[in-house]
Amino acid sequence: MKLTKTYDPGKYESKIYDLWEKHDAFTPKHRGSKESFSIVIPPPNANGDLHIGHGLTLALEDIVVRYHRMKGKASLLLPGADHAGFETWVVYEKYLASIGKSRFDYSREELYEQIWDFVDKNKTNYLSQFRILGASADWKRYTYTLDKKIVAQAYKTFEKMWQDGLVYRDEKLVNFCTYHGTGFADIEVTHKETKGYLWYIKYPLSDGSDHITVATTRPETMLGDMAVAVHPDDPRYKEMVGKTVRVPIVDRDIPVIADDTVDQTFGTGAVKITPAHDQNDFDMATRHNLPQLSVIGHDGTMITPSPKEYVGLSVAVAREKIVQELIDRDFHEKREEITHNVGHCYKCGTVIEPLLREQWFVRVESLAKPAIQALKKDSIVFYPENKKKQLITYFENLRDWNISRQIAWGIPIPAFQSSEDPSKWIFDTRVEEESITVDGVVYHRDHDVFDTWFSSSSWPYATLDYPDGNDFKSFYPLSVMETGSDILYPWVSRMIMLGLYETREIPFESVYLHGLIQDEHGQKMSKSKGNVVNPIEKVKEYGSDAFRMGIVSGEAAGSNRPFTESKIIGARNFCNKLWNIARFVQENVPKDTDPTPKAHSAADHWLLSKLQHTVDAVSKNIESNRFSEAYNSVYHFVRDDFADWYIEAYKSESNPSILHFTLESILKISHPFAPFITEAIWQQLGWSDELLITSAWPIIPKANVAASKDFEEIKRVVIESRQLILAMGLKKPQIEHTSPVLDAHKEAIARMAKLGDVILVKKGRGLQLLSTKHAVWINVTDSEIKEYKDTIVLQLNQQKETQARLRQRLDNPGYMKSAPESIITQTQEQLASSLSASALLEKELARFSN
RNA sequence: GGGCGAUUAGCUCAGCUGGCUAGAGCACCUCGUUUACACCGAGGGGGUCGGGGGUUCGAGUCCCUCAUCGCCCACCA
């Protein structure tokens, strides 16, 4: 079948994807290699549409997987979806609000059911988007984070930790969003520079002898103050340590304590301690055995034991009222403006309240230790490398991990509390029951659910049917974990810890972290700014292949990068180039052509050697995760070497076997980047019964070096002729030369440089070319050369400068002593060629000296 | 406060372990429709590689320092 004149992606893409699926091409199979290669896709939120970051993720992962598949390895790209606990919860709450309801209108069970259906309905969206982006994912292995096996794995992990004493229940400060009514892990809190006030408040000594002034940004928490702390060496307060002060308004006596974490230079050097509402104070209280007193509730309002007139007020209102009362009663000294960091809910922006709450915690120390060791031993390779060090630091400073979340959407925590002894909890997976009876005692289920990251931390092995599944044996540890650098801490860190804990192995051999895709001006994409780029729209506009190549071009591990539409356009144009090359080849390769490449001409040898370099470079760069470089190699080989030089030369010197072989090779090395168009061409050519996607990565026969150098000379003659023709305004001039090599390719040279004729002579006339080792003259008149004199002078000067620089280098004893021989030889050759060029130029000038 | 990174052509960025006469894409200028392609081809202009210092025969590349920008972490009340 003949190819149409232009490539229309919309006409081919979905058909090609169907073809792959029909042939089961995504199922991992060994094709000549015993090795396996595996990537599990970081599961996107099942409820949402894919964004540009997913586009990048899928492009990168699919490139690698397609490459290894063609290398003959059993290659797995495992797709999945995330129930995305809190993320989806927020979306659903918004939906409820839009229909005039709220979470308080339903029971937890009702909410869970509703959200399940809600997600199920939206899920199809992004599943089709995976296909549009060309992901060669094995759909038979598709996994959802609420699938039975994933939940079962989460319960197994929890149970194991329970038995190993790694989970415990404790009343600690948690980062609580009073709007969403749930706690967060430390990393889920966003700290923002916020303007506020620093209030100076007088706390009188109980004996009435004096007072201490404390500075605070949160006067309302003074209702829960349990101490005033000063630095032990602070001379201002030495006398007061051990005495008590009376908290204004509530008139409670609290001790003055000494603790060396107090900063003497901040505020007054005296700090009020509110253990129930500040992490720092909580830690200090623990050290000094102080009790905790909660005065703020989980809904963000003041609670008893605050004075009656404060109970029920929001924190902000209570703050104003307290300050006013302090002023009225003369406890207020002054107020300063201050900028400080305040934790906010990353979703709704509500100020996070540290509140006391009983939660499940994971003891991280014994989990982090093996992880640190593994990283220090370089068991996992990081791209970029520096992320490894950052992760080690993170592990070393990790606090215990709060895994309870107070939302309905998620995996219920399999723990039940004794109705007789509230401090007694048992592990049980009958979470569909509200309460259970064990040994005659009734137990009530914990209503909280797991932090999403807790269950998704087992993703690398739970998806592979750990511990007994075949997939686990074949594909674990994963070859690469490719994900966004923003989830290095919340996800990657935990997969490493839990992977080591459960499977005793690292979960993946390497980690590739991509940066954020920003808009064209380097701004973060966000709905409110209206600068969000939808990958699916770009695919519709330019084709899936163009999107992939455009998004990969310029990609470097770890760094953020602006979205550049022009790169996608460039890639689209490249697709068209591929298409038209194929058309040319199709028209010029007869049906019965022997596909074994047989190089005859200089161009043939040159092309094969370039192709070999390209295949090597592409392989090497993909294997070292340098995707942009790999793509560039393909791009330049196709455009520059094959299209601009070989095909042009081919029009005078044909060799169908090389054309056939090279096009096949081009389709193969382009396939990981542009899977659709390459397969479409492959199918249309009909040269092979197999699919391109499962064909073998090309092996290139060795080329003759001397012959391929001959073509380099031919190129030089052509290029310089073109330059002179344009610079001197010539029309189809002829060139004369003394070289049998050039003579053998005179038609190609004449055609490419648009020359009238290429003539073999004993001694030529006109202006001699500088860039080739052959003696070549472009046939121009003396008067034309004379007009060109200025340029000749310029060129001569440049050559002289070059020579001076090279001579200086060669005259330098240090250089001659230390530089490697190859570099010295190179310098000598450069000098020699510059000298011969300047000799020619001087000869010309001598002729026109007057 | 700590850590990490960036600063190279008008724009967006490559430049891996020091050898570069500093590259690419887009944009720009000139020329061109030769039967694959105008989603094209040929040619060209444009950078003292943020400033300063150092190591070296040699530095965009290594070290120090300053400046600017960005990101992450952190309990300065």
Side-chain angles (χ1 to χ4, degrees), chain A residues 3 5-7 186-187 191 198 214-218 221 229 261-263 265-268 270-274 278-284 338 340-341 343 354 384 386-387 389-390 393-394 397 485-486 488-489 515-516 520-522 542 546 550 553-554 556 558-567 569-588 621 624 626 628-629 632 635-636 643-644 647-648 651 718-719 722-723 725-727 729 751-754 798 801-802 805-806 808-809 812-820 822-824 826-827 830 834:
Chain A
L3 297 174
K5 197 169 172 179
T6 48
Y7 174 62
D186 295 340
I187 29 170
H191 291 271
L198 188 62
V214 300
T216 180
T217 55
R218 302 205 53 188
T221 63
T261 60
V262 176
D263 180 355
T265 62
F266 187 87
T268 59
V271 57
K272 60 189 224 45
I273 301 301
T274 320
D278 183 286
Q279 187 62 51
N280 203 19
D281 294 1
F282 181 88
D283 293 344
M284 202 183 289
I338 184 177
H340 59 146
N341 267 326
N386 66 334
K387 295 284 176 188
K389 226 173 75 191
Q390 290 179 29
T393 314
Y394 175 76
N397 299 305
S485 51
D486 54 331
L488 172 67
Y489 296 150
L516 210 64
E520 310 225 28
H521 310 287
Y542 302 108
S553 170
S559 49
N560 294 349
R561 192 159 45 90
F563 172 82
T564 323
E565 183 129 348
S566 67
K567 286 198 167 150
I569 294 172
R572 189 266 320 263
N573 296 351
F574 178 65
C575 287
N576 200 54
K577 193 58 140 174
L578 279 173
W579 189 256
N580 278 290
I581 280 169
R583 286 180 65 217
F584 178 84
V585 174
Q586 193 184 37
E587 282 165 22
N588 283 276
N621 283 322
S624 49
R626 298 158 66 86
S628 187
E629 301 273 302
N632 271 336
Y635 182 93
H636 287 291
D644 292 345
I647 287 187
E648 290 312 313
K651 288 171 181 170
V718 170
I719 289 171
R722 284 170 176 168
Q723 287 167 340
I725 288 168
L726 251 164
R751 177 187 192 95
M752 290 192 284
K754 290 185 193 167
Q798 277 170 3
E801 280 170 33
T802 305
R805 198 183 57 243
L806 295 174
Q808 198 180 22
R809 211 180 286 172
N812 184 331
Y815 176 77
M816 296 307 284
K817 207 180 121 210
S818 317
S822 61
I823 298 290
I824 293 177
Q826 189 190 311
T827 309
Q830 282 170 351
S834 175

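Chain naming here is simple, since letters A, B, ... match the order of the sequence lines and numbering starts at 1 in each.
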Looking only at the side chain of A/His191 (C-beta and beyond, no hydrogens), which of the listed nucleotides B/G19, B/G25, B/C75 gets closest? B/C75

Rounded to whole Å, the CG-P distance (A/Asn560 to B/G5) equals 14 Å

Does the base of B/U34 carry an N or O that pairs as donor and acceptor with the side chain of A/Lys754 under 3.5 Å? yes

Assign A/Glu801 to base, sugar-phosphate, or nothing according to its heavy-atom contacts below 4.0 angstrom with the strands shown. nothing

Using a cut-off of 4.0 Å on non-hydrogen atoms, how would the nucleic acid contact of A/Ala643 be classed: base, sugar-phosphate, or nothing? base

Who passes side-chain contact (heavy atoms from CB on, under 4.5 Å) against A/Asn560, sequence neighbours left out? A/Leu516, A/Gln518

Take atom CD1 of A/Ile647 and atom C1' of B/G41, then tell me their distance rounded to the nearest Å. 13 Å

Polar contact flag, side-chain donor to acceptor under 3.5 angstrom, A/Tyr635-A/Ser553: no

With the side chain defined as heavy atoms from C-beta on, A/Glu587 is closest, among B/A77, B/U12, B/A36, to B/A36

Given B/C76, B/C39, B/G5, which nucleotide is nearest the side-chain atoms of A/Asn341? B/C76

Could you let me know what B/U21 is paired to, Watson-Crick or G-U wobble, both distances under 3.5 Å, or none if it's on its own? none

Does B/G47 pair with anything, Watson-Crick or G-U wobble, both distances under 3.5 Å, and if so, with which nucleotide? none

Could you state the NZ-P distance from A/Lys817 to B/C57, rounded to the nearest angstrom? 8 Å

Tell me which nucleotide, if any, is Watson-Crick or G-U wobble paired with B/G70 when both distances must be under 3.5 Å. B/C4

When A/Thr216, A/Thr221, A/Asn280 are each screened for side chain to side chain contact (heavy atoms under 4.5 Å, CB included) with A/Thr274, the one that passes is A/Thr221

If you look at every strand shown and take non-hydrogen atoms under 4.0 Å, does A/Asp263 touch a base, only sugar-phosphate, or nothing? base

C1' spacing across the pair B/C26 / B/U17, given as an integer number of angstrom: 32 Å

Between the side chains of A/Glu565 and A/Tyr542, does any donor sit under 3.5 Å from an acceptor? yes

Which part of the nucleic acid does A/Pro820 contact within heavy-atom distance under 4.0 Å: base, sugar-phosphate only, or nothing? base

Spacing of the C1' atoms in B/C71 and B/G32 (rounded, Å): 49 Å

Using a heavy-atom cut-off of 4.0 Å across all strands, would you classify A/Ser818 as base, sugar-phosphate, or nothing? base

P-based separation of B/G25 from B/G70 [nearest Å]: 31 Å

Considering only heavy side-chain atoms of A/Thr564, the closest of B/U12, B/C37, B/C73 is B/U12

Selected nucleotide, minimal atom distance to A/Gln826 side chain, candidates B/A36, B/G19, B/G25: B/G19

If you go through the side-chain atoms of A/Arg572, does one of them form a donor-acceptor pair with the base of B/C39 closer than 3.5 Å? yes

Would you mind telling me which of B/G25, B/A36, B/G15 lies closest to the side-chain atoms of A/Phe584? B/A36

Taking only the C1' atom of each, what is the distance from B/G23 to B/G47 in whole angstrom? 11 Å

In whole Å, I'd like the distance from the CG atom of A/Asn397 to the P atom of B/G1. 19 Å

Any strand: nucleotide that pairs with B/U33 via Watson-Crick or wobble, under 3.5 Å: none

Given the structure, check if the side chain of A/Asn580 and the base of B/C37 hold any donor-acceptor pair shorter than 3.5 Å. no

Spacing of A/Asn632 atom CG relative to B/G15 atom P, expressed in whole Å: 10 Å

May I have the list of side-chain donor-acceptor pairs in residues 574-582 of chain A shorter than 3.5 Å, sequence neighbours left out?
{"unit_1": "A/Trp579", "atom_1": "NE1", "unit_2": "A/Thr4", "atom_2": "O", "d": "2.9"}
{"unit_1": "A/Asn580", "atom_1": "OD1", "unit_2": "A/Arg583", "atom_2": "NH1", "d": "2.8"}
{"unit_1": "A/Asn580", "atom_1": "ND2", "unit_2": "A/Asn576", "atom_2": "O", "d": "3.0"}

Return no unless some side-chain N or O of A/Asn573 is found under 4.0 Å from OP1 or OP2 of B/C37. no

With a non-hydrogen cut-off below 4.0 angstrom, is A/Tyr394 in contact with a base, only sugar-phosphate, or nothing? nothing

Side-chain donor/acceptor of A/Ser834 to backbone N/O of A/Gln830, under 3.5 Å: no

Counting the atoms with a prime plus P, OP1 and OP2 as sugar-phosphate, which does A/Val214 contact under 4.0 Å by heavy atoms, base, sugar-phosphate, or nothing? nothing

Taking only the P atom of each, what is the distance from B/G54 to B/U12 in whole angstrom? 33 Å

Could you tell me whether the side chain of A/Lys651 reaches within less than 4.5 Å of the side chain of A/Met752, counting heavy atoms only? no

Touch check for A/Arg809, heavy atoms < 4.0 angstrom, all strands: base, sugar-phosphate only, or nothing? sugar-phosphate

Which whole number of Å gives the distance between the P atom of B/C29 and that of B/G19? 36 Å

Spacing between A/His340 atom NE2 and B/A74 atom C1', to the nearest angstrom: 15 Å

Mate of B/C39 where both pairing distances stay under 3.5 Å, Watson-Crick or G-U: none

Which nucleotide wins on minimum distance to the side chain of A/Gln390, given the candidates B/G25, B/C4, B/C37? B/C4

What is the distance, rounded to the nearest whole Å, between atom CD1 of A/Ile725 and atom C1' of B/G44? 15 Å

Taking only side-chain nitrogens and oxygens of A/Lys651, does any of them come within less than 4.0 Å of OP1 or OP2 of B/A36? yes

As its Watson-Crick or G-U partner within any shown strand, both distances under 3.5 Å, B/A14 has none

Should the side chain of A/Glu629 and the base of B/A24 be counted as holding a donor-acceptor pair, with the cut-off at 3.5 Å? no

On RNA chain B, check which nucleotide each of A/Asn280 and A/Lys567 is closest to and give me the residue with the more 5' one. A/Lys567

Closest-nucleotide mapping onto RNA chain B: is A/Thr393 or A/Leu726 further toward the 5' terminus? I mean the 5' end. A/Thr393

A/Thr216 side chain: which of B/C57, B/C37, B/A77 is closest? B/A77

What's the CG-C1' distance between A/Asp644 and B/C40, to the nearest Å? 10 Å

Would you indicate which nucleotide in B/U12, B/C26, B/C40 comes nearest to any side-chain atom of A/Ser566? B/C26

How is A/Lys389 classified with respect to the nucleic acid when contacts are heavy atoms under 4.0 Å: base, sugar-phosphate, or nothing? sugar-phosphate

From B/A14, B/A77, B/A74, pick the nucleotide closest to the side chain of A/Ala556? B/A14

Can you tell me how far the CG atom of A/Asp644 sits from the NE2 atom of A/His636, to the nearest 0.5 Å? 11.0 Å

With heavy atoms under 4.0 Å as the rule, sort A/Gln279 into base, sugar-phosphate or nothing. nothing

Is it true that the side chains of A/Asn812 and A/Gln808 contain a donor and an acceptor less than 3.5 Å apart? no

Side-chain (A/Thr564) to main-chain (A/Ser566) donor-acceptor, under 3.5 angstrom: no

Please state the C1' separation for the pair B/A22 and B/C49 - nearest whole angstrom. 8 Å

Take atom P in B/C13 and the same atom in B/U30, then report the distance between them in whole Å. 29 Å

